[in-house]
Amino acid sequence: IEQPTFPKITEMCVKMIRRVNDEEGIKKLVNETFQKLWFTPTLHHDKEAMTRKILNITDVVAACRDTGYDWFEQLLQNLLKSEEDASYKPVKKACTQLVDNLVEHILKYEESLSDSDNKGVNSGRLVACITTLFLFSKIRPQLMVKHAMTMQPYLTTKCSTQNDFMVICNVAKILELVVPLMEHPSETFLATIEEDLMKLIIKYGMTVVQHCVSCLGAVVNKVTQNYKFVWACFNRYYGALSKLKNQHQEDPNSTILTANKPALLRSLFTVGALCRHFDFDQEDFKGNSKVNIKDKVLELLMYFTKHSDEEVQTKAIIGLGFAFIQHPSLMFEQEVKTLYNSILSDKSCSVNLKIQVLKNLQTYLQEEDTRMQQADRDWKKVAKQEDLKEMGDISSGMSSSIMQLYLKQVLEAFFHNQSSVRHFALNVIALTLNQGLIHPVQCVPYLIAMGTDPEPSMRNKADQQLVEIDKKYAGFIHMKAVAGMKMSYQVQQAINTCPKDPVRGFRHDESSSALCSHLYSMIRGNRQHRRAFLISLLNLFDDTAKTEVNMLLYIADNLACFPYQTQEEPLFIMHHIDITLSVSGSNLLQSFKESMVKDKKKDRKPSSGEESESDSNSGSGSESEAEASKPRRLRKRVNSDSDSDEENDINAVMKCLPENSAPLIEFANVSQGILLLLMLKQHLKNLCGFSDSKIQKYSPSESAKVYDKAINRKTGVHFHPKQTLDFLRSDMANSKITEEVKRSIVKQYLD
């Protein structure tokens with residue numbers, strides 16, 4: 001492979017590998033492709049082939065830096081699992097070769113970093129190699145055991161660039177997985193790791209602290225039991241926090257506090273991080289002391305969540321989130337429930353705080369999931385007689401109770417205008433559903449709503465959750481479909497950046513697909529469910545339903561753009577539109593006519609002088625009313641100019657309008673539903689190319705096969721209900737009645 005073709009190959013590999021969780025056929029193809037490309041053993045003497053392979057893998061890993069590495073883990077797990085029971089294990093052999101050669105490449109890159117010309121390139125390659133080694137360590141840490149001592153010196157890397165920090169974090173993550181598997185590691189090696197990690201914890205920022213404390217947790221808890229070393233570090237930061245709290249209580253405006261803010265932020269974060277990985281209430285740490293450390297830490301961190309500085313509040317909440325992973329029962333405390341739920345439900349609360357609370361819940365659920373999976377693996381190895389399900393249920397019972405406390409507020413976070421808030425809320429709900437912690441039916445409408453999110457990654461995730469629920473619980477989606485449609489309108493309202501523009505129900509791209517098209521595609525396969533869903537939507541247009549006009553526009557947009565496949569689907573809608581129009585439409589016109597006639601008669605009694613004049617004009621008055629009440633298409637056209645005809649019609653009705661304008665506004669509002677149905681029927685007729693006779697002949701009771709033909713969609717047919725859009729944009733429902741508004745309503749009546 002020539003060097004210039006590498007970027008193209010990398011791009012192709014990235015596109016292919018992301019399909020690793022696709023349907024079975026594609027998944028199989030991806031696994032086979034990458035087994036041949038990467039995970040087939042290379043001949044020992046063919047160094048060139050191995051170098052190409054290493055460069056290709058690390059290029060793909062580097063290209064996926066921002067999107068995550070789930071695909072690599074999934075691919076490796078799939079391939080290793082496929083040969084678990086085989087006597088010859090080529091994938092395992094290829095992985096061993098790759099890991100050994102990646103370590104060789106790391107040593108080469110480090111040597112070449114002194115060459116200033118290629119420093120940037122090689123620094124990037126070094127990070128990619130170490131990241132790839134970490135990914136291998138996650139799935140098969142045994143592969144890295146013999147290289148642990150080679151990796152340890154990288155903890156002392158001098159940090160000046162982002163790549164340097166990434167090297168340290170990834171090395172810490174590798175050692176965390178690998179050191180506990182080493183047989184009789186030297187005390188010097190372990191002491192060096194502990195000291196290196198402690199220096200990094202004291203010196204560097206959040207990301208480094210987090211990974212180094214995590215690594216220290218694995219080394220101390222599983223290998224060295226050097227608890228005094230960690231206890232001294234904890235007391236250093238806990239003591240600093242206690243002192244800063246006392247100073248703040250004495251004088252909240254003290255300049256000392258401002259000067260000590262960096263120390264306060266570091267202490268909040270580090271105390272939390274240490275509590276996540278060490279249980280300081282164990283005798284190994286506090287000895288015979290009767291002090292309850294977790295309660296003291298909770299009290300300290302809760303104090304700083306009420307601080308006036310948002311940055312301090314955020315760090316205190318991060319610290320709390322860490323502590324709750326070690327002690328989940330703290331989330332049942334009333335003050336914690338109040339804090340979390342008030343931040344999530346208060347619309348005026350900072351976006352950063354909302355996101356942090358959601359991140360805390362997400363991290364807790366992820367950690368709980370990892371812990372349960374590890375426990376399952378451990379039990380399967382050592383004690384097959386254990387009741388695994390029962391053991392798992394103890395832990396999941398706690399998670400379930402916790403999520404019930406915060407579920408409503410997390411779901412309501414879907415209606416936030418910031419996509420980052422919606423993103424983390426969706427992550428929490430997906431984790432909760434995947435772990436089976438709540439009954440899924442309560443989440444269905446919210447997931448339908450999130451399926452309309454502007455960001456493809458979010459709507460795909462929401463849609464995937466619905467598919468999973470539908471597999472396990474048939475009928476749940478249909479049961480909550482209308483509620484989901486209404487909720488999706490609320491989501492669209494929340495994210496609508498221009499409140500003056502009406503919320504629309506289709507995507508503003510070349511596809512013009514309905515926002516709820518995925519929902520419809522899930523329901524359409526069952527004729528009974530589909531019909532019930534469509535009728536429920538059409539019933540919202542009935543004047544008795546009192547649905548707000550913009551929601552009706554949103555639903556009409558969806559009905560206009562749903563992915564119909566057979567002729568029966570739009571014909572069924574048009575048939576029911578006719579039924580609705582024949583009742584609601586006629587009633588609406590009748591009530592308008594009655595208000596005109598009645599009010600004109602009641603207007604006032606003419607005086608004797610006017611009576612004869614009134615009598616002489618009575619013919620023309622009744623004529624104008626009669627003229628106004630005729631459908632426009634039946635009226636005789638005196639003038640060939642249609643504009644002047646329309647003007648005559650409008651003037652004729654204007655003369656009959658009542659002085660009380662309330663019925664006019666009521667009519668304008670209620671009639672939007674009727675107008676939208678008229679427009680929707682016309683749109684579907686144009687879109688599918690149906691003739692009037694075909695629509696008239698349709699009967700819902702006919703055999704399904706009669707209208708089972710595929711739709712031949714016309715291109716360039718768009719749904720544009722101008723009158724309703726004008727009505728919403730001009731805010732006519734709240735407008736002052738002027739002559740212009742009256743004329744507009746009269747035109748609406750005539751239409």
Side-chain angles (χ1 to χ4, degrees), residues 347 411-423 425-426 444-456 458-459 462-463 466 480-520 533-534 536-543 545-563 573 665 668-680 683-684 718-735 748:
K347 288 181 180 175
L411 288 169
E412 292 295 323
F414 282 0
F415 303 122
H416 202 279
N417 59 354
Q418 292 282 335
S419 66
S420 47
V421 175
R422 300 195 303 276
H423 168 80
L426 182 58
V444 170
Y446 292 92
L447 290 169
I448 291 169
M450 277 306 286
T452 66
D453 197 278
E455 294 193 20
M458 279 202 266
R459 61 175 180 259
D463 290 348
L466 288 173
K480 294 289 183 182
V482 177
M485 282 277 287
K486 288 179 177 177
M487 217 170 257
S488 72
Y489 169 68
Q490 288 175 266
V491 167
Q492 293 304 312
Q493 264 187 319
I495 61 183
N496 186 15
T497 48
C498 184
K500 285 188 177 179
D501 281 344
V503 173
R504 302 303 303 269
F506 58 84
R507 293 212 165 81
H508 297 278
D509 54 23
E510 60 269 17
S511 70
S512 291
S513 57
L515 290 181
C516 295
S517 57
H518 182 259
L519 170 67
Y520 182 76
F533 172 59
L534 293 172
S536 298
L537 292 183
L538 292 170
N539 285 344
L540 295 173
F541 290 82
D542 193 298
D543 53 344
K546 304 287 181 196
T547 313
E548 64 170 293
V549 175
N550 199 163
M551 188 187 278
L552 290 179
L553 171 66
Y554 176 80
I555 291 166
D557 279 340
N558 275 282
L559 286 166
C561 303
F562 274 155
I573 293 170
I665 292 295
N669 209 29
V670 174
S671 65
Q672 293 308 317
I674 305 297
L675 282 169
L676 280 167
L677 289 181
L678 283 164
M679 296 292 287
L680 176 61
H683 168 79
L684 292 174
H718 299 291
F719 183 61
H720 185 71
K722 185 177 181 299
Q723 284 197 321
T724 303
L725 291 168
D726 290 345
F727 175 84
L728 288 166
R729 284 179 184 137
S730 63
D731 194 21
M732 194 181 284
N734 303 310
S735 294
Q748 200 170 296

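Because the structure is a prediction, the values reported are computed rather than measured.
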Considering all heavy atoms, the nearest [X]-[Y] contact:
{"X": "Arg507", "Y": "Ser517", "value": "NH1-OG, 4.5 Å"}
{"X": "Ala425", "Y": "Ala413", "value": "CB-CB, 3.8 Å"}
{"X": "Ser419", "Y": "Met458", "value": "O-CE, 3.5 Å"}
{"X": "Glu548", "Y": "Gln493", "value": "OE1-NE2, 4.2 Å"}
{"X": "Val482", "Y": "Ser536", "value": "CG2-CB, 3.5 Å"}
{"X": "Val549", "Y": "Thr724", "value": "CG1-CG2, 3.8 Å"}

(request) Kindly indicate, with the supporting measurements, whether the criterion side chain to side chain contact (heavy atoms under 4.5 Å, CB included) is fulfilled by Leu426 and Leu447. (result) CA-CA 8 Å; Leu426 182 58; Leu447 290 169; 3.9 Å; yes

Compare all side-chain heavy atoms of [X] with those of [Y] and state whether any distance is below 4.5 angstrom.
{"X": "Tyr489", "Y": "Ile555", "value": "no"}
{"X": "Lys486", "Y": "Leu540", "value": "yes"}
{"X": "Phe415", "Y": "Met487", "value": "yes"}
{"X": "Leu725", "Y": "Arg504", "value": "yes"}
{"X": "Pro721", "Y": "Leu675", "value": "no"}
{"X": "Phe541", "Y": "Leu680", "value": "no"}
{"X": "Leu534", "Y": "Leu559", "value": "yes"}
{"X": "Tyr554", "Y": "Thr452", "value": "yes"}

(message) Please verify the inter-ring angle class for Phe562 with Tyr520; under 30° counts as parallel, over 60° as perpendicular, anything in between as tilted.
(response) parallel

(request) Give the ring-plane orientation class for His683 versus Phe719, where under 30° counts as parallel, over 60° as perpendicular and anything between as tilted. (result) perpendicular

(message) For the backbone of Cys516 and the side chain of Asn558, can you confirm whether one donor and one acceptor N or O come within less than 3.5 Å of each other?
(response) yes

